[in-house]
Amino acid sequence: MAHLPDMKDKDLEVDTLIREFKVTKKSSKIGGILHFGSRVKTGVDIPPGEADEQYLYKSRIDKATSTAPEMGLNIAQSNIIQLVSKQVKHTEGGWPKDLDCKEKDQVARYCKRVEKSEDFIDKCMKLALNTESIIKQNCSMEIYSNYFEEEDPTTTEEPISVDTVGVFTNKHRRGVSSISWDPTGELLAASYSGELMESCEQDGIVHIYSITDTTKICQTLKAKSSLNCVAFNPQAEEMVGGCCYRGQIHIWDTRTSSKPVGITNRKTSHQDPAYSIVWTIAKSKAEILSTGFDGTVKVWDCRKLDSPVNFLDLSVGGANHFGTKIGYEPTIPAKFLVGANCGSVLSCTRKFDTKPFAGRYSAHSGPVKAIERNPAVNKNFLTIG
């Protein structure tokens with residue numbers, strides 16, 4: 001609050017006017033936040049007179065200042081390049097357009113015709129010279145040798161580790177007898193067997209799981225007897241085959257119900273438990289090889305399961321061999337391997353009438369449980385017994 005003296009006394013002169021301002025404020029509000037407002041309050045009121053000449057009126061001057069440095073901003077954008085991802089799958093090429101490389105007869109005839117041509121030897125010689133120079137270049141320096149013995153090698157061998165991606169579980173407590181991946185690699189089929197004495201009486205079960213969701217079963221297939229083996233058809237992913245303790249072959253179509261779409265005749269099936277089946281690479285996409293404890297290998301056509309297309313007796317050298325496992329490599333469709341209960345491995349051909357056996361190997365002292373060929377070197381194979 002501003003206090004001014006009483007201006008009614010006329011004896012006081014303007015030039016000797018004493019201006020006194022007193023501001024009162026409570027002590028509790030001292031040091032608080034200042035609040036500025038737009039209210040105008042007159043502090044001094046000078047009546048018109050001779051003192052007006054002492055005041056000079058000047059125009060208002062506004063000037064802005066800044067202590068921050070002046071800076072500029074420039075933005076430039078280059079032209080956008082459109083990127084396109086392309087991929088090429090080269091499995092087999094170089095054949096004429098009118099030749100089907102999947103037909104072996106056509107490929108064999110074409111190769112014979114090329115080998116008989118006049119310039120075949122000259123082309124082979126040119127290729128041999130180029131290949132020889134590349135081989136000599138690779139052999140000129142041993143890239144795997146340590147040329148700096150005083151220095152420690154920078155490469156270190158990392159320990160091999162395996163992580164569990166998912167665990168598939170089920171309610172029943174039955175052992176898994178076989179597993180099979182579908183051609184796409186997204187589904188896994190597992191067959192379940194029962195106790196040995198009750199296997200013929202228990203129903204067979206095949207669970208199909210998805211690797212994207214391990215918490216549930218995608219589909220369940222049923223059989224009349226416990227299953228020893230299950231296999232997806234590599235040429236038709238919707239077809240699944242299995243063999244059971246009764247010696248019969250079951251065929252399922254995953255697009256239909258859980259019941260099999262085809263079962264082999266009990267009289268023409270294996271008379272003892274069937275332990276292994278494989279799908280072969282055929283034009284019909286419906287051919288299966290099976291073996292069992294009756295000592296035979298049978299060829300089945302899924303379109304007609306009344307009787308086998310052909311069969312092979314595994315009696316070799318006066319001894320009976322009961323089949324436990326079939327090893328089949330799609331790149332060698334004319335040959336297959338059969339593991340026996342005595343530990344032997346029989347190399348068989350598809351020429352059942354003329355020359356069915358190509359060799360015999362004494363592998364184990366007990367039944368052969370698994371056979372797998374080397375994908376890089378087909379002549380080599382592994383067995384578990």
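Here the structure is a predicted model, which is why all the values come from computation and not from measurement.
- Within the 3.5 Å criterion, the main-chain N or O of Lys267 finds a donor-acceptor partner in the side chain of Gln271.
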message = Under the criterion salt bridge (Lys or Arg N to Asp or Glu O under 4.0 Å), I'd like the reasoning laid out for Glu237 against Arg255: C-alpha separation, chi angles, the key distance, then a yes or no.
response = CA-CA 10 Å; Glu237 59 185 23; Arg255 299 170 297 183; over 6 Å; no
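- Using the six-membered ring where Trp is involved, Trp252 and His250 have ring planes that are parallel, under 30° apart on the 30 and 60° scheme.
- Remark: side-chain polar atoms of Thr324 are paired, donor with acceptor, to backbone N or O of Val368 under 3.5 angstrom.
- Between Asp301 and Arg303 there is a salt bridge, since a side-chain N of the basic residue sits under 4.0 Å from a carboxylate O of the acidic one.
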message = Evaluate Leu227 against Val206 for side chain to side chain contact (heavy atoms under 4.5 Å, CB included), listing each step before the verdict.
response = CA-CA 8 Å; Leu227 297 168; Val206 176; 3.1 Å; yes
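- A single hydrophobic cluster is not seen to contain both Val230 and Ile249; linkage of ILVMFWY side chains at heavy-atom distances under 4.5 Å, directly or through other members, places them apart.
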query = Can you list the steps and then say if Arg373 with Asn380 is a side chain to side chain contact (heavy atoms under 4.5 Å, CB included)?
reply = CA-CA 6 Å; Arg373 283 188 181 271; Asn380 299 339; over 6 Å; no
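- Of all heavy-atom pairs between Lys224 and Asp203, the closest is O-OD1, 3.8 Å.
- Between the side chain of Gln219 and the main chain of Ser258, no donor-acceptor pair closer than 3.5 Å is present.
- Side chain of Thr264 to backbone of Leu305: no donor-acceptor contact under 3.5 angstrom is found.
- In this structure, OG1 in Thr220 is found 7.5 Å from CD1 in Ile205, a value given to the nearest 0.5 Å.
- At a cut-off of 3.5 Å, with distance as the only test, no side-chain donor of Thr184 or Glu186 sits close to an acceptor on the other residue.
- Between Trp279 and Ala286 the shortest heavy-atom distance is CZ3-CA, 4.1 Å.
- Checking side-chain atoms of Asp313 against main-chain N and O of Thr296 turns up no donor-acceptor pair under 3.5 Å.
- Closest of all the heavy-atom pairs between Thr383 and His364 is OG1-NE2, 2.8 Å.
- When all heavy atoms are compared, the tightest approach of Thr215 to Asp213 is OG1-OD1, 2.6 Å.
- Between atom NZ of residue Lys335 and atom OG1 of residue Thr331 there is a gap of 11.5 Å, rounded to the nearest 0.5 Å.
- In this structure, the ring of Phe293 has its center no less than 6.0 angstrom from the ring center of His270.
- Of the possible polar contacts, one joining the Asp182 side chain to the Leu187 backbone as a donor-acceptor pair under 3.5 Å is found.
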Chi angles and distances behind the side chain to side chain contact (heavy atoms under 4.5 Å, CB included) call for Arg109, Lys112 = CA-CA 5 Å; Arg109 288 196 298 268; Lys112 289 181 180 180; 5.8 Å; no
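- In this structure, the side chain of Asn265 does not engage the main chain of Thr268 through any donor-acceptor pair within 3.5 Å.
- For the pair Glu287 and Arg350, the salt-bridge criterion is met [side-chain N within less than 4.0 Å of a carboxylate O].
- By the criterion of side-chain heavy atoms lying less than 4.5 angstrom apart, applied directly or through intervening Ile, Leu, Val, Met, Phe, Trp or Tyr residues, Trp300 is not grouped with Leu289; the two fall into different hydrophobic clusters.
- Aromatic pair Phe232/Trp181: centroids not less than 6.0 angstrom apart.
- For the 3.5 Å distance criterion, the side chains of Gln248 and Ser269 fail to qualify, holding no donor opposite an acceptor.
- With Tyr275 contributing its side chain and Ile326 its backbone, the two residues share no donor-acceptor pair below 3.5 Å.
- To the nearest 0.5 angstrom, Ser290 atom OG is 8.0 Å from Ile288 atom CD1.
- The line from CG of Leu312 to CZ of Phe357 is 4.5 Å long, rounded to the nearest 0.5 Å.
- His321 has its side chain within reach of Ser344: a pair of non-hydrogen atoms, C-beta onward, lies under 4.5 Å apart.
- Linking ILVMFWY residues whenever their side-chain heavy atoms come closer than 4.5 Å, directly or via other members, places Ile179 and Ile217 in the same cluster.
- Salt bridge absent: Glu372 and Lys325 never bring a charged side-chain N and a carboxylate O closer than 4.0 Å.
- Taking the side chain as every heavy atom from C-beta outward, Ile208 and Leu221 approach each other to under 4.5 Å.
- With contacts defined as side-chain heavy-atom distances shorter than 4.5 Å, the pair Cys218/Ser210 qualifies.
- Surrounding CZ of Phe311 are at most 12 heavy atoms belonging to other residues, nucleotides or ligands under 6.0 Å away.
- Summarising the geometry, atom CG belonging to Asn341 is positioned 9.5 Å from atom NZ belonging to Lys369; distances are rounded to the nearest 0.5 Å.
- Of the possible polar contacts, one joining the Thr254 side chain to the Glu238 backbone as a donor-acceptor pair under 3.5 Å is found.
- A distance-only check finds no donor-acceptor pair linking the side chain of Ser225 to the backbone of Cys244 [under 3.5 Å].
- Here the closest heavy-atom approach between residue Cys243 and residue Ala274 is recorded as SG-O, 3.4 Å.
- Hydrophobic cluster membership is shared by Tyr328 and Val338, with clusters built from Ile, Leu, Val, Met, Phe, Trp and Tyr side chains linked at under 4.5 angstrom.
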ask   = Taking it one step at a time, do Ser226 and Tyr192 satisfy side chain to side chain contact (heavy atoms under 4.5 Å, CB included)?
value = CA-CA 7 Å; Ser226 293; Tyr192 295 87; over 6 Å; no
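- Residues Phe168 and Val240 are members of separate hydrophobic clusters, defined by side-chain heavy-atom contacts under 4.5 angstrom among Ile, Leu, Val, Met, Phe, Trp and Tyr.
- The minimum heavy-atom distance between Tyr209 and Ala190, with the atom names listed, is CE1-CB, 4.2 Å.
- A side-chain donor-acceptor contact under 3.5 Å links Ser177 and Ser191.
- Atom CG of Leu129 sits in a crowded spot, with more than 12 heavy atoms from other residues, nucleotides or ligands closer than 6.0 Å.
- Between Ile277 atom CD1 and Thr291 atom OG1 the span is 12.0 Å, to the nearest 0.5 Å.
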